[in-house]
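Hydrogens, waters and symmetry mates play no part in the numbers below; they use all other heavy atoms, side chains included. Below, chains carry the letters A, B, ... as their sequence lines are ordered, and counting in each starts from 1.
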There are 2 protein chains.
Amino acid sequence: MKPAQATEQDFADLLARHDVQVTRQRLEVLRELAVEPNDATAQTLWKRLRERSGATIGLATVYRTLSLLSEKRVVDTLAHNEGELCYRLCGETHHHHLVCANCHRVIEIDEQGLSDWLERVFAKHDFLATAHTVELTGLCSDCRK
Amino acid sequence: MKPAQATEQDFADLLARHDVQVTRQRLEVLRELAVEPNDATAQTLWKRLRERSGATIGLATVYRTLSLLSEKRVVDTLAHNEGELCYRLCGETHHHHLVCANCHRVIEIDEQGLSDWLERVFAKHDFLATAHTVELTGLCSDCRK
DNA sequence: GTGATAACGAGAATCATTCTCACCGCAATC
DNA sequence: GATTGCGGTGAGAATGATTCTCGTTATCAC
């Protein structure tokens, strides 16, 4: 689903599957997100959409769309940028992110081995788990050269 | 160091130990933070400092102080509030936070068992680890009654 | 004490995000 | 085919946390 080769229809299906009404603007935001291998801010996406063929889309609409898609779990939001949120079209299963501090490349990582630790911590303090976020930052091999 | 019984001198020592110049305002921010069992935003701290005995301290100073203290690792910053940062006077060793979604009680947790997983993930993707954040959210036992 | 330097306070400026509101597209209805 | 209802949209204003500016003041080494 991530590949940029996805068709308009694929995006429409994706939206429908998540109970989101299909509109031209929402499809455009999705298409733009699919082209971005890493993550992008609402501002960035808006500027790109504007430049690309002068699509007229409102900044507020981009924010509304991203917030809706995030709520419906179609996109992930990352907070690693302090002061603004980044959005990313992600796989549909729960996962976390490993981000390169230099080139901002994003790698999805699964919970393999983490869940045991999580369970233990929640149990130890008698908490009922509702959510957890893990963000790993490092330097990728390319950026260390 | 966390207890509210800490003296002015304790705070001054704490600042000095972290290469931070001691000023009246910094001591006041620390004192206010020490009284807060969980975390507080810059705005909140500022209002409290204002109300308490009409201390005249500028909002910008509170921000500058918190940001300096955070850089010097005297306080921790938590981002669980989306849109604003929370600050907290913490222990001096690396740790993470378990926050109650309802009452915002904060519990410090250590890395016991987590570091292995971290190392494996960074190694697997050939990243040089520079940082990581983990925030666990749940409902504490009191809030489930 | 004195001077260099860092910190302060107040208010203006910034910047991401959200709100307002008039307008538009589309589907169901007449 | 015209009408009506309604969610979605665009533009710009509003919001709110944070940062900047700059004249003033405190701190510290000498």
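Taking 3.5 Å as the limit, the base of D/dG10 and the side chain of A/Arg64 contain a donor-acceptor pair of atoms between them.
In this structure, A/Leu66 atom CG and C/dT18 atom P are separated by 10 Å, rounded to whole Å. Atom CD of B/Glu71 is separated from atom P of D/dT19 by 12 Å (rounded to the nearest Å). The nearest whole Å value for the distance from the CH2 atom in B/Trp46 to the C1' atom in D/dT18 is 13 Å. For A/Glu84 and D/dT18, the CD to P distance is 14 Å, given to the nearest whole Å. Atom P of nucleotide C/dA7 and atom CG of B/Leu30 are separated by 15 Å, given to the nearest angstrom.
For B/His95 (side chain) and B/Glu108 (main-chain N/O), no donor-acceptor pair under 3.5 Å exists by modelled atom type. Looking only at distances, a side-chain donor or acceptor of B/Asn38 sits under 3.5 Å from a matching main-chain atom of B/Val106. No donor-acceptor distance shorter than 3.5 angstrom exists from the side chain of A/Ser70 to the backbone of A/Leu66, with no hydrogens or angles considered.
Among the atoms of the strands shown, base atoms are found under 4.0 Å from some heavy atom of B/Gln43. Residue contacts for B/Arg26: at a heavy-atom cut-off of 4.0 Å it reaches the sugar-phosphate backbone alone, with no base atom in range. B/Leu59 comes within contact range of at least one nucleobase, with a heavy-atom separation under 4.0 Å.
The phosphate of C/dG9 (OP1 or OP2) has a side-chain N or O of B/Thr61 nearer than 4.0 angstrom. Contact check, B/Gln25 against C/dG9: a side-chain N or O comes under 4.0 Å of OP1 or OP2. Listed pair B/Tyr63 / D/dT19 fails the phosphate criterion, with no side-chain N or O lying under 4.0 Å from OP1 or OP2. Dashed line: the shortest gap from a side-chain N or O of A/Thr23 to OP1 or OP2 of D/dT9 is under 4.0 Å.
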